[in-house]
Amino acid sequence: MSKIILPNSTVGVFGSGQLGRMFAIEARKMGYRVHTFSPDIDTPTGQVADVETTAAYEDLDAVRAFAKGVDVLTFEFENVPFAAVQAASEIVDVHPKGEILHVTQHRLREKTFLSENGFPVTRFRHIKLIDDLYHATEELGFPCILKTAGFGYDGKGQVKLEAPHDIEAAFAAMNGEASVLEAFVPFEKEVSVVCARDAAGNFANYGVIENEHANHILDVSTVPADVSANVRSEAVDIARSLAEKLEYIGTLCVEFFLRGDDTLLINELAPRPHNSGHLTFDACATSQFGQQLRAVCGLPLGSTEFYGPAAMANLLGDIWKKGEPNWAAALSNPSIKLHLYGKAEPRPGRKMGHLTALATTSNGARTMVSEARERLTEKVSYSRRPTEIPPTTPINPSSTLRAR
Ligand code: AMP
């Protein structure tokens with residue numbers, strides 16, 4: 001049983017991106033102080049935290065000084081070097097524990113853990129030498145995907161191989177790093193389960209979220225996912241077993257491929273709040289960030305009740321290509337919520353913010369966020385007509401919170 005970290009205490013966050021920012025907003029709402037640590041300055045998290053520490057993760061003296069100033073520590077992205085988390089753990093509790101970070105920050109370790117523990121996972125092979133790749137492509141067939149074993153996200157460090165003539169170039173693209181070859185999964189759709197577990201073993205989940213990707217980056221998420229009841233319960237059961245196996249404390253996301261025969265394969269784990277769960281910020285009684293806070297602070301998990309079907313559309317830097325987006329046009333639908341992460345430089349592919357909407361159906365919500373996003377690139381018009389604000393969506397009474 002972990003100790004209770006009461007409001008007005010200080011929560012530390014390794015990492016300083018948008019996930020830390022939304023976590024910090026929830027933490028501040030509940031009266032906590034937030035310190036963030038990363039090599040960057042004026043960061044999405046730092047802008048809303050009490051203290052922003054800028055130092056390299058390899059600077060273990062700075063890490064230890066940071067750990068001494070907080071009552072509990074968590075992380076908002078999994079590429080924090082394990083040594084930093086280990087050094088901090090000697091001073092203060094870190095949740096989820098460093099061993100989980102160590103497994104999930106490395107594709108090979110993660111996939112090995114999953115397959116050794118009987119979880120359904122894409123077929124994979126460890127690649128060190130070019131001969132391994134020749135051999136593995138014979139076993140797994142084409143197409144297949146070669147991915148760097150460590151430090152990859154949003155499709156970075158990935159190459160698709162269509163035929164044997166792609167082998168040499170794909171191997172060269174890994175720059176001598178250890179990699180993992182995965183069979184290409186002809187999936188029907190991608191879904192995720194965002195869930196939380198506390199030290200006592202209580203488990204809460206947000207059901208199944210449906211995810212559409214563009215260029216390997218999450219584009220739109222909707223709930224409830226259009227999947228069968230069997231898939232829904234199997235996906236949640238897998239997430240629960242994983243959280244238990246890992247003795248997980250915090251928010252966890254399990255990303256799945258759903259195949260045409262209704263079977264699930266785990267694509268990857270995120271040991272933190274996840275982009276597909278951003279819609280919980282507006283659409284649920286307790287967001288995935290609030291849940292992370294409650295779990296790491298030893299407070300009871302909150303209700304995961306959805307106020308209604310919801311959708312989220314990511315806003316990438318590409319939207320800024322022709323100048324400042326037309327925010328007023330996107331917000332002309334009063335049901336649209338805008339989140340921006342405070343990033344100064346809108347680079348292509350960079351996650352700058354997102355839009356969410358609630359509606360009476362998930363398709364309706366999906367259409368709303370997509371249309372609002374399209375309006376962002378409309379020419380700015382300065383004349384605005386008064387609009388009538390419709391009443392709010394009624395609360396959906398079904399809750400998915402479960403306690404053991
Ligand atoms: P990842 O960063 O590994 O999650 O990959 C990003 C996206 O690439 C996934 O969400 C899928 O859309 C696609 N992808 C990755 N691995 C595979 C695979 N083995 N088969 C089919 N699509 C994949």
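Owing to the predicted nature of the structure, the values given are computational and were not obtained by experimental measurement.
- Using a 4.5 Å cut-off on side-chain heavy atoms (C-beta onward), Tyr248 and Leu242 make no contact.
- Distance OG/Ser9 to CD1/Ile4: 10.5 Å, rounded to 0.5 Å.
- Side-chain N or O atoms of Arg375 include one that pairs as donor or acceptor with a backbone N or O of Ala329 at under 3.5 Å.
- Listed for the Thr251 side chain is a donor-acceptor partner under 3.5 Å among the backbone atoms of Gln292.
- Between Tyr206 and Phe306, the ring planes lie perpendicular to each other; the angle is over 60°, past the 30° to 60° tilted range.
- Nearest heavy atoms, Ala49 versus Val34: CB-O, 3.4 Å.
- Considering every non-hydrogen atom in both Leu73 and Ala88, the closest pair reads CD1-CB, 3.5 Å.
- Under the 4.5 Å side-chain criterion, counting only non-hydrogen atoms from C-beta, Val159 is not in contact with Phe171.
- Trp320 has its side chain out of reach of Asp318: every pair of non-hydrogen atoms, C-beta onward, lies at least 4.5 Å apart.
- Checked against Glu182 for a salt bridge (Lys or Arg N to Asp or Glu O under 4.0 Å), the options Arg125, Lys160, Lys111 give a single hit: Lys111.
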Give the C-alpha distance, both sets of side-chain angles, the deciding distance and a yes or no for side chain to side chain contact (heavy atoms under 4.5 Å, CB included) between Thr137 and Leu161. CA-CA 9 Å; Thr137 49; Leu161 292 82; 4.3 Å; yes
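- Taking 4.5 Å as the limit, some side-chain heavy atom of Arg272 sits within range of a side-chain heavy atom of Leu19.
- Cys195 and Ala239 get closest at one heavy-atom pair: SG-CB, 4.0 Å.
- Side-chain contact check for Glu371 versus Asn333: every heavy-atom pair is 4.5 Å or farther apart.
- A donor-acceptor pair shorter than 3.5 Å cannot be found between the side chains of Ser276 and Ser221.
- Closest heavy-atom contact between Pro273 and Gln288: CA-OE1, 3.3 Å.
- Under the 3.5 Å distance criterion, the side-chain polar atoms of Arg350 are matched with a main-chain donor or acceptor of Glu345.
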Side chain to side chain contact (heavy atoms under 4.5 Å, CB included) between Leu265 and Val121, worked out: CA-CA 5 Å; Leu265 284 179; Val121 64; 5.7 Å; no
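- By the 30° and 60° cut-offs, the orientation of the rings of His35 relative to Phe66 is tilted.
- In this structure a side-chain-to-backbone donor-acceptor pair under 3.5 Å is present from Glu52 to Thr43.
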Test side chain to side chain contact (heavy atoms under 4.5 Å, CB included) applied to Leu316 and Asp219, step by step: CA-CA 9 Å; Leu316 302 185; Asp219 187 40; over 6 Å; no
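- Only one option out of Asn275, Asn211, Asn267 pairs with Ser192 in a side-chain hydrogen bond (donor to acceptor under 3.5 Å, both in side chains); it is Asn211.
- A distance-only check finds no donor-acceptor pair linking the side chain of Arg33 to the backbone of Thr10 [under 3.5 Å].
- Atom-to-atom distance recorded for Ile209:CD1 and Leu279:CG is 5.5 Å, nearest 0.5 angstrom.
- Shortest non-hydrogen contact noted between Gly15 and Thr45 is O-OG1, 4.2 Å.
- Leu181 is not listed as a side-chain neighbour of Asp132, based on a closest heavy-atom distance of 4.5 Å or more.
- The CZ atom of Phe77 lies 9.5 Å from the CG atom of Leu101; values are rounded to the nearest 0.5 Å.
- Looking at Asn314, its side chain does come within 3.5 Å of a backbone N or O of Leu218 through a donor-acceptor pair.
- Looking only at distances, a side-chain donor or acceptor of Lys189 sits under 3.5 Å from a matching main-chain atom of Asp226.
- Annotation: Glu162, atom CD; neighbour count of heavy atoms from other residues, nucleotides and ligands within 6.0 Å is above 12.
- For the pair Pro325 and Thr377, the minimum side-chain heavy-atom distance is 4.5 Å or more.
- The distance from the CE atom of Met312 to the CG atom of Leu315 is 9.0 Å, given to the nearest 0.5 Å.
- Between Phe37 and Tyr57, the ring center distance clears the sub-6.0 Å criterion.
- In summary, the side chains of Thr263 and Asp261 do present a donor paired with an acceptor at a separation below 3.5 Å, with no hydrogens or angles considered.
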The test is side chain to side chain donor-acceptor pair (under 3.5 Å); show your working for Arg366 and Ser362 and say whether it passes. CA-CA 6 Å; Arg366 195 198 170 289; Ser362 52; over 6 Å; no
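- Heavy-atom contacts from other residues, nucleotides or ligands closer than 6.0 Å to NE2 of His135 number 12 or fewer.
- Without hydrogens or angle criteria, Thr54 side chain to Asp40 main chain gives a donor-acceptor distance under 3.5 Å.
- Residues Phe82 and Gly98 come closest through the heavy atom pair CE1-O, 3.3 Å.
- A cation-pi arrangement is absent between Lys351 and Tyr341, since the terminal nitrogen or guanidinium carbon is not both under 6.0 Å from the aromatic centre and inside a 45° cone about the axis.
- Proximity of a side-chain donor or acceptor of Glu76 to a complementary backbone N or O of Gly17 within less than 3.5 Å is detected.
- Each of Val94, Ile5, Leu293 was checked for a side chain to side chain contact (heavy atoms under 4.5 Å, CB included) with Val72, and the lone residue meeting it is Ile5.
- The only member of Glu177, Glu78, Glu268 that meets salt bridge (Lys or Arg N to Asp or Glu O under 4.0 Å) when paired with Arg107 is Glu268.
- The pair Lys3-Asp71 fails the salt-bridge criterion, with no side-chain N (NZ, NE, NH1 or NH2) lying under 4.0 Å from an Asp/Glu carboxylate O.
- Rounded to the nearest 0.5 angstrom, Phe257 CZ and Thr122 OG1 are separated by 5.5 Å.
- Counting non-hydrogen atoms of neighbouring residues, nucleotides and ligands closer than 6.0 angstrom, the NZ atom of Lys343 exceeds 12 such neighbours.
- Formation of a donor-acceptor pair under 3.5 Å by the Gln47 side chain with backbone atoms of Gly342 is found in this model.
- Taken to the nearest 0.5 Å, the CD atom of Glu324 stands 10.0 Å off from the CG atom of Leu376.
- Counting only heavy atoms from C-beta outward, the side chains of Ile167 and Leu146 never approach each other to under 4.5 Å.
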Pair Asp282, His339 - check side chain to side chain contact (heavy atoms under 4.5 Å, CB included), show working. CA-CA 10 Å; Asp282 295 315; His339 295 255; 2.7 Å; yes
